[in-house]
**Q** 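So that we are looking at the same thing, I have put the structure below in structure tokens.
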Amino acid sequence: RRARELWTEAAELGSLEAHHQLGVVYCNGIGIEKDQPRGIRLWQKAAKNGDVVSRHELGIVEYNNENDELAVQHFMISAKMGNE
């Protein structure tokens, strides 16, 4: 709970890592009720601001939802940003 509070505070201050971590927490329901749409919105915000790992996570979400074209776009962007 405390970690989520700190990540929320850091996200409000603009931390991309905090947005990513909160996305993980909400998408997986770690210590809270699962809220995948909220987690995805957090990843989208981080990805739009240059977070490579969040961009990759969005690719995984789209792949799992069988949105292959969008998944590939996310994976390509994250690869161009340096994700291996």
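Each residue takes its place number in the sequence, starting with 1.
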**Q** Side chains of W7 and R2, heavy atoms from C-beta outward: is any pair under 4.5 Å?
**A** no
**Q** Donor-acceptor check, side chain of S15 to backbone of A11, threshold 3.5 angstrom: yes or no?
**A** no
**Q** Indicate, with yes or no, if V52 and M76 share a hydrophobic cluster defined by side-chain heavy-atom contacts under 4.5 Å among Ile, Leu, Val, Met, Phe, Trp and Tyr.
**A** no
**Q** Same cluster for L42 and I32 if Ile/Leu/Val/Met/Phe/Trp/Tyr side chains link at under 4.5 Å?
**A** yes
**Q** Determine, using the 4.5 Å side-chain heavy-atom cutoff (strictly less than), whether V61 and V24 are members of one ILVMFWY cluster.
**A** yes
**Q** May I ask you to decide if F75's main-chain N or O and S78's side chain share a donor-acceptor pair within less than 3.5 Å?
**A** yes
**Q** Taking the side chain as C-beta and beyond, is there a heavy-atom pair between W43 and H19 under 4.5 Å?
**A** no
**Q** Distance-only, no hydrogens or angles: does the N49 side chain make a donor-acceptor pair with backbone N or O of K45 under 3.5 Å?
**A** yes
**Q** For E9, which residues count as a side chain to side chain contact (heavy atoms under 4.5 Å, CB included) partner, sequence neighbours excluded?
**A** none
**Q** Check side chain to side chain contact (heavy atoms under 4.5 Å, CB included) between R41 and all other residues, then give those that pass, not counting sequence neighbours.
**A** P37, R38, Q44
**Q** Test of understanding: clusters of I, L, V, M, F, W, Y form through side-chain heavy atoms closer than 4.5 Å, transitively. Do I30 and I40 belong to the same one?
**A** yes
**Q** Can you tell me how far apart CG (N64) and CD (Q36) are? Round to the nearest 0.5 Å.
**A** 8.5 Å
**Q** Where is the tightest heavy-atom contact between A46 and S54, given as atom of each residue plus distance?
**A** CB-OG, 3.4 Å
**Q** At what distance, to the nearest 0.5 angstrom, does CZ of R55 lie from CD of Q73?
**A** 9.5 Å
**Q** With a 4.5 Å heavy-atom cut-off, do H74 and H56 have their side chains touching?
**A** no
**Q** Within this structure, what is the CG-CD distance for the pair D35 and E33, rounded to the nearest 0.5 Å?
**A** 7.5 Å
**Q** What's the separation between atom CG in D51 and atom CE in M81, rounded to the nearest 0.5 Å?
**A** 7.0 Å
**Q** Determine whether more than 12 heavy atoms belonging to other residues, nucleotides or ligands lie under 6.0 Å from atom CD of E66.
**A** no
**Q** Within the side chain of N67, is there an N or O that forms a donor-acceptor pair under 3.5 Å with the backbone of L70?
**A** no
**Q** Which atom pair, heavy atoms only, marks the closest approach of A71 to G59?
**A** CB-O, 3.4 Å
**Q** Which Ile, Leu, Val, Met, Phe, Trp or Tyr residues join L13 in one cluster when any pair of side-chain heavy atoms under 4.5 Å counts as a link?
**A** none
**Q** For Q21 and E17: C-alpha separation, side-chain torsions, deciding distance, then whether side chain to side chain donor-acceptor pair (under 3.5 Å) applies.
**A** CA-CA 6 Å; Q21 293 298 336; E17 176 66 19; 2.7 Å; yes
